[in-house]
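Worth saying up front: this structure is predicted, and the values here are computed from it rather than measured. Atoms within a ligand are numbered from 1 in the order they appear, just like the ligands themselves.
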Amino acid sequence: MSDAFIGSREEYTLSGIDETSLDLNPISQLRAWLDDAETAGAMEPNAMCLATTDRRGAPSGRIVLLRSLDNRGLVFFTNYLSRKGRDLEESGLAAACFWWGRLQRQVRVEGRVERVAPEESDAYFASRPLESRYASAASPQSARIATREQLEAAVEHLRRQHPEGPPRPSDWGGYRLMPEVFEFWQGRPARLHDRFEYRLESGAWVIRRLAP
Ligand SMILES: Cc1cc2nc3c(=O)[nH]c(=O)nc-3n(C[C@H](O)[C@H](O)[C@H](O)COP(=O)(O)O)c2cc1C
């Protein structure tokens, strides 16, 4: 690493993409790249940086895990009263970004968000390990807390109250990001990367190449 600038300079030589290699449906294309990332041994291939904005328009980002994907959109789970939850309730908009270094690929997604049906959140919550259920039920995500002990005591309290596992808190559940724009990016040599944008126009996905 040099003193002046951070990091190395990777040359991206793995592969390229063009109109003929891309699926016409961006959801299918994303699924294929998620599968590739898993096969390539990526850690948490379904991790994505979720960007939201507050009422001033100030952006913030954090990693969440993509938990389901179909033609309606991308579903992730979180606390509805968290910072991101408040942003999403306010703006109804979000962007997400995946980066799979091993494959030299990035995917960007933008669109509107809505809460998933309560039954869908119930089903996912019930599928989580017991410890995760206690943690998400006990943690007032994004709130300031004085000590770690306070958090651990809240978990202990819940454990005693619900030894069989806590019910899903009403302020914890899923959001669906309903995409209007996707971008698939494949690193290429000499910084001449391939980029393809999918934009939903009158109900159909239109694909265009973008300059890197
Ligand atoms: C790999 C990874 C996966 C994560 N997955 C989730 C997730 O699925 N849901 C979630 O609410 N937070 C998840 N987090 C924690 C968030 O990044 C973040 O700290 C938390 O949601 C609070 O964000 P907020 O205060 O902006 O709302 C994850 C963090 C990491 C590093």
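For atom 9 (N) of ligand 1, the nearest non-hydrogen atom of the protein is Phe77 O, 2.9 Å. Of the protein's non-hydrogen atoms, the one nearest atom 24 (P) of ligand 1 is Ser142 OG, 3.5 Å. Distance from atom 15 (C) of ligand 1 to its nearest protein heavy atom, with residue and atom name: Ile63 O, 3.8 Å. Protein heavy atom at the shortest distance from atom 11 (O) of ligand 1 is Thr78 OG1, 2.6 Å. Atom 12 (N) of ligand 1 has its closest protein heavy atom at Gln141 NE2, 3.9 Å.
For Leu65, a nitrogen or oxygen atom sits less than 3.5 Å from a nitrogen or oxygen atom of ligand 1, counting backbone and side chain alike. Distances between N or O atoms of Val64 and those of ligand 1 include no value under 3.5 Å.
Every atom of ligand 1 with a heavy atom of Arg83 under 4.0 Å away is listed here by number and element: 24 (P), 25 (O), 26 (O), 27 (O).
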Just do the salt bridge (Lys or Arg N to Asp or Glu O under 4.0 Å) check on Glu197 and Arg108 with the steps written out, would you?
CA-CA 9 Å; Glu197 179 193 77; Arg108 298 164 64 174; over 6 Å; no
*asked:* Between Arg159 and Glu131, does the salt bridge (Lys or Arg N to Asp or Glu O under 4.0 Å) criterion hold? Intermediate values first, please.
replied: CA-CA 10 Å; Arg159 228 191 272 277; Glu131 293 310 316; 3.0 Å; yes
Open item on the list: Run Trp33 and Phe98 through ring pair (Phe, Tyr, Trp, His ring centres under 6.0 Å) and show every step you take.
Closed with: CA-CA 10 Å; Trp33 277 22; Phe98 298 87; over 10 Å; no
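The shell of residues lying under 4.0 angstrom from ligand 1, judged by heavy atoms, excludes Phe76.
The ring of Tyr175 has its center no closer than 6.0 angstrom to the ring center of Phe77. Checked against the 6.0 Å centroid criterion, the rings of Phe196 and Trp185 do not qualify as a close aromatic pair.
Within the 4.0 Å cut-off (strictly below), no protein heavy atom is located near atom 19 (O) of ligand 1.
The residue among Arg62, Lys84, Arg67 with a heavy atom at the shortest distance from atom 21 (O) of ligand 1 is Lys84.
Under 3.5 Å, the side chains of Arg83 and Thr52 contain no donor-acceptor pair of N or O atoms. A donor-acceptor pair shorter than 3.5 Å can be found between the side chains of Thr78 and Lys84.
Here the CD-CD1 distance, from Glu44 to Ile63, works out to 10.0 Å after rounding to the nearest 0.5 Å.
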